[in-house]
Amino acid sequence: MHSSDFGKDFLWGVATAAAQIEGAANTHGKGPSIWDTFSKRSGKIKKGHHPTEACDFYHRYQEDVSLVKALGFTVFRFSIAWSRIFPLGNGALNNEGVLFYHHVIDECLQQGLVPMVTLYHWDLPEALSKEGGWTAYAINSVFNDYVLFCAKEYGEKVKHWIVINEPFGFTSLGYMLGVHAPGQTGVHNFFDAALHTAIAQADGAKILRAEVKDAIIGTAFSCSEIIPYTQSSQDLTAAKRVDVLMNRFFLEPVLGMGFPTADWEVLEKFSISHSTWRHQERMKFDFDFVGVQNYFPLVIKYNAFIPVVQAWEVKAKNRKVPHTAMGWEINADSFYRIIKQFAAYPQVKNIIVTENGAAFHDKVIDGKIDDPERTEYFKAYLAEMLKAKNEGVNITGYLAWTLMDNFEWAEGYQARFGIVHNDFKTQQRTIKQSGYWWQEFLSK
Ligand code: NOJ
């Protein structure tokens, strides 16, 4: 398998996110984000880590963009930290923050890389969180102001946009389970946040369409193939509920199908209480690409003790199947199947895999960062993606997660996903063997 097997216009990139790499959390007028404040709460992040310095990308972006180029990628995906532009979320503008993203974009363009910009990758300005954050409808107008600003400011130079990263990820982890910022819990908060996010996703896309000439607009969904533990009717329906929640709940409103209420009665109640039908048109947008982000499948078993969803994940290690350092099952076939599941919607006309990758406990052997498992992971997942593509799925790009080891949210700095190693004490970058594998792969 060579990269040329995917066609000459195929987009190959690496994906990153502001809060995970930038650092400079209090530098040059940046306002605090919910991750800055959440990480100060004791016990929330492993080892008490925080994103204050991260990879110091803020000061080292030139070196890092050069690395992306040197490895042979053509796309660099990064996100804009909302509170670097508007420290309080709206109102006063921080010119130094605005300038920083111009510098990053210009660096990409000078090096011949396509900048792909994510507008929201989980780092809500803290000031907005105090007003309810994603649970408050007021978020929608300020989000739109922020998008409008970015579109006007950067739209001449940036054509590839991702409106929101993994809406299910941050609304469930941050507003229902409380394990991510802002640490809220409860089904109500989740549903409120989900509705406003679904609206923001389409509103943001419409603003980009109106403002940016030749924009290529996408949004990025987390997804996992859901496999029932047994064929019992209880396990089958539990698996179906999880599929509704994780894979369909955010995608289908965008496609004009509304929330998938027919397949799960709890959603019916949510839909009635929020009159979601009123927003059906507003949540719809004809995206130029759908970003698919997949890491692992989930095996699901019925469990009456789990509130609402009544389902339980049977972990990979308990099933004794290969898994990453995160405990995530390595299963490339299931990547193929979830791509097919998304591609089966006639409205999905183009897929870009906007994230895929793995964390391992990398070893240093003779001064080299040896990570054969990561290379094998990429090879296997790429082969399955190629199979889907050869069967006719319109996949036009793939972005590896991620350029370098970084702040992995509640896992802190311990979970290493990079194809470049980062020493967080010295900020020294060292290309891992998997990075060299990518360089070789992309050269052919
Ligand atoms: C999804 C998220 O978008 C990204 O921020 C995260 O680091 C990776 N998955 C790995 O967990």
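Ligands are counted one by one from 1 in listed order, and the atoms in each one are counted from 1 as well.
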Could I get the full list of side-chain contact (heavy atoms from CB on, under 4.5 Å) partners for Pro253, not counting sequence neighbours?
-> Phe259, Met283
Check: Arg282/Asn140 side-chain N/O donor and acceptor closer than 3.5 Å | no
Can you list the residues that meet the side chain to side chain donor-acceptor pair (under 3.5 Å) rule with His28, with sequence neighbours excluded?
-> Tyr58
Taking the inter-plane angle between the rings of Phe441 and Trp437 on a 0 to 90° scale, is it parallel (under 30°), tilted (30 to 60°) or perpendicular (over 60°)?
-> parallel
Taking the side chain as every heavy atom from C-beta outward, state whether Phe221 and Phe249 have any atom pair closer than 4.5 Å.
-> no
At less than 3.5 Å, what protein N or O atoms come close to the N or O atoms of ligand 1? Include the distances to 0.1 Å.
{"unit_1": "ligand 1", "atom_1": "3 (O)", "unit_2": "His121", "atom_2": "NE2", "d": "3.1"}
{"unit_1": "ligand 1", "atom_1": "3 (O)", "unit_2": "Asn165", "atom_2": "ND2", "d": "2.7"}
{"unit_1": "ligand 1", "atom_1": "3 (O)", "unit_2": "Glu355", "atom_2": "OE1", "d": "3.3"}
{"unit_1": "ligand 1", "atom_1": "3 (O)", "unit_2": "Glu355", "atom_2": "OE2", "d": "2.7"}
{"unit_1": "ligand 1", "atom_1": "5 (O)", "unit_2": "Gln20", "atom_2": "OE1", "d": "2.7"}
{"unit_1": "ligand 1", "atom_1": "5 (O)", "unit_2": "His121", "atom_2": "NE2", "d": "2.9"}
{"unit_1": "ligand 1", "atom_1": "5 (O)", "unit_2": "Trp409", "atom_2": "NE1", "d": "2.9"}
{"unit_1": "ligand 1", "atom_1": "7 (O)", "unit_2": "Gln20", "atom_2": "NE2", "d": "2.9"}
{"unit_1": "ligand 1", "atom_1": "7 (O)", "unit_2": "Trp401", "atom_2": "NE1", "d": "3.3"}
{"unit_1": "ligand 1", "atom_1": "7 (O)", "unit_2": "Glu408", "atom_2": "OE1", "d": "2.6"}
{"unit_1": "ligand 1", "atom_1": "9 (N)", "unit_2": "Tyr295", "atom_2": "OH", "d": "3.3"}
{"unit_1": "ligand 1", "atom_1": "9 (N)", "unit_2": "Glu355", "atom_2": "OE1", "d": "3.1"}
{"unit_1": "ligand 1", "atom_1": "11 (O)", "unit_2": "Glu408", "atom_2": "OE2", "d": "2.6"}

Residue list, side-chain contact (heavy atoms from CB on, under 4.5 Å) with Ile105, at least two apart or on another chain | Phe78, Leu109, Pro115, Tyr154, Lys157, Val158
